[in-house]
There are 2 protein chains.
Amino acid sequence: MAGISGGKNYHHGDLRNALVCAAVDLATEGGPERVVLREAARRVGVSPTAAYRHFDGRGELLRTVRAHARTRLADAMERAAAREPGADDPVLAAERRLGALCRGYVGFAVEHPGLYRAAFQTVRPTGTPVPAARPPEAEIRAFALLAEALEALGRTGGRRCAAGAAAWSAVHGLSLLLLEGPLRRLPAQRRDDVVAATLAMVVAGARAR
Amino acid sequence: MAGISGGKNYHHGDLRNALVCAAVDLATEGGPERVVLREAARRVGVSPTAAYRHFDGRGELLRTVRAHARTRLADAMERAAAREPGADDPVLAAERRLGALCRGYVGFAVEHPGLYRAAFQTVRPTGTPVPAARPPEAEIRAFALLAEALEALGRTGGRRCAAGAAAWSAVHGLSLLLLEGPLRRLPAQRRDDVVAATLAMVVAGARAR
DNA sequence: CGCGGAATGTTCATGCGGTCAACATCGGGC
DNA sequence: GCCCGATGTTGACCGCATGAACATTCCGCG
């Protein structure tokens, strides 16, 4: 795993970065709950408390992983959309793009379950204060991509955000049901059926608007 | 909280039950991650290890809470559907029922965030073996309710399960985004918009089938 | 009626994780 | 060349899960 952000160069050289990479690996392997300070430090070969020079604690480490994971998710969606063949009909093209983005979303979730869960699971580990209020989903590119695709699909009834959130709900819920919910361990065939049905619902919802 | 299942009557009298109730309370207050053996035991006034006479460990306690939460969710959905006025047109009635079930679902999630999360969050606490494979979503009444409502709505193209899962994905994803996802802290007005948009998508998906 | 085993709880101990305070070390600027 | 601050380390404390050994209580059987 290459460096993620700029780094220092003192004793270790690049501890913050190294810890983030280790933490991302941990999340990839076992989801956010396995992102554990001591283990990250261990993997980097440093004492547990060293991390406190770079992070406010486990919480901030997790938040950093989350940002990373969200970026990778959006990248995966864009790659999926880029692979999608274009179409002459702009509406058809827009529908295809929407579908491809959704498939990219769910595909990422299925391929990197741990990382995906880390991207959204906002479970504050016991007694953490509620974070400051921010404009809701502004910084989440995955959402923006869906909302844009829906907008391109035509009249979203002035409710661009709501429509985007609906589509997002569908792919997010599907991903979680498949990953850690009751649909995990669904045979591949039926899983594809479910994914197809959900995509159909999303597209139908966009059309019907 | 009244008893949930049959109980013993030895030393404590009804320890298993008392522990389950305490655990459900904990989940209600702070979600599954706050369902912690020691605290449940503390609340019941018993030593931590006493719980091991009744549960295999924290995991089983959580599973019990989960079953309880799922039942309550389905109950809430049925209550919501029962409150919904009927309609002469059977299709309209079916659509109304589907909508009511979905609102009941999301409403339960919003009203009892912790319990709702406990109902589905299947995060095994580090290194638990994968549970035995079972018929996927058989025992989850919430899902069955949605699938039935969709079926009543007409031709589900032989893909009853898939269609149900799609609807389920939508309400589940919506609930989680609202609860612990990036949509939490959305002002009430916009939240209603998002819920409405999602329901519209579900119904449109059912129509378009 | 009373005894003995099983069911139920308790105490003690181990190991892991988060976090803090005090201490050690290194590196670069003066 | 020295000193301060940035970076790490040690040691300690606390909560949690869990297992082993021990204590207590109940209940059925003789």
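By convention in this document, chain letters (A, B, ...) are assigned in the order of the sequence lines, proteins followed by strands, and residues within each chain are numbered from 1.
If you take CG of A:Leu62 and C1' of C:dG18, they are 13 Å apart, rounded to a whole angstrom. Going from atom CG of B:Leu15 over to atom P of D:dC26 covers 14 Å, rounded to whole Å. At whole-Å resolution of the value, CZ in A:Phe55 and P in C:dT19 are 13 Å apart. Atom CZ in A:Arg42 sits roughly 11 Å away from atom C1' in C:dG15 (whole-Å rounding). Protein atom CG of A:Asn17 is 16 Å distant from nucleotide atom C1' of D:dT7, rounded to whole Å. To the nearest angstrom, C1' of C:dG17 lies 13 Å from CG of A:Leu61.
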If you apply the rule salt bridge (Lys or Arg N to Asp or Glu O under 4.0 Å), what do you find for A:Arg207 with A:Glu95, and how did you get there? CA-CA 9 Å; A:Arg207 270 213 203 91; A:Glu95 281 192 12; 3.0 Å; yes

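Annotation: side chain to side chain contact (heavy atoms under 4.5 Å, CB included) contacts of B:Ala162 (sequence neighbours excluded): A:Asp193, A:Val194, A:Ala197, B:Arg159.
In this structure, the side chain of B:Arg16 engages the main chain of B:His54 through a donor-acceptor pair within 3.5 Å. A donor-acceptor pair is defined here as one N or O able to donate and one able to accept, closer than 3.5 Å; such a pair exists between the side chain of B:Arg58 and the backbone of B:Val35.
Aromatic pair A:Tyr105/A:Phe143: centroids not less than 6.0 angstrom apart. Between A:His112 and A:Phe108, the ring center distance clears the sub-6.0 Å criterion.
The shortest distance between the side-chain N/O atoms of A:Arg34 and the OP1/OP2 oxygens of C:dC16 is not below 4.0 Å. The phosphate of D:dG8 has OP1 or OP2 within less than 4.0 Å of a side-chain N or O from A:His54.
Comparing the axis of the opening five pairs of the helix from C:dC1-D:dG30 to C:dC30-D:dG1 with that of the closing five pairs yields an angle of 20°, rounded to 10°.
Taking 4.0 Å as the cut-off between side-chain N and carboxylate O, A:Glu29 and A:Arg43 count as a salt-bridged pair.
Only one option out of A:Val202, A:Leu145, A:Val171, A:Val106 pairs with A:Leu101 in a side-chain contact (heavy atoms from CB on, under 4.5 Å); it is A:Leu145.
Counting only heavy atoms from C-beta outward, the side chains of B:Phe120 and A:Glu180 never approach each other to under 4.5 Å.
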5' to 3', nucleotides 17-23 of chain D under a 4.0 Å protein heavy-atom cut-off (B base, S sugar-phosphate only, - none) gives BBB-B--

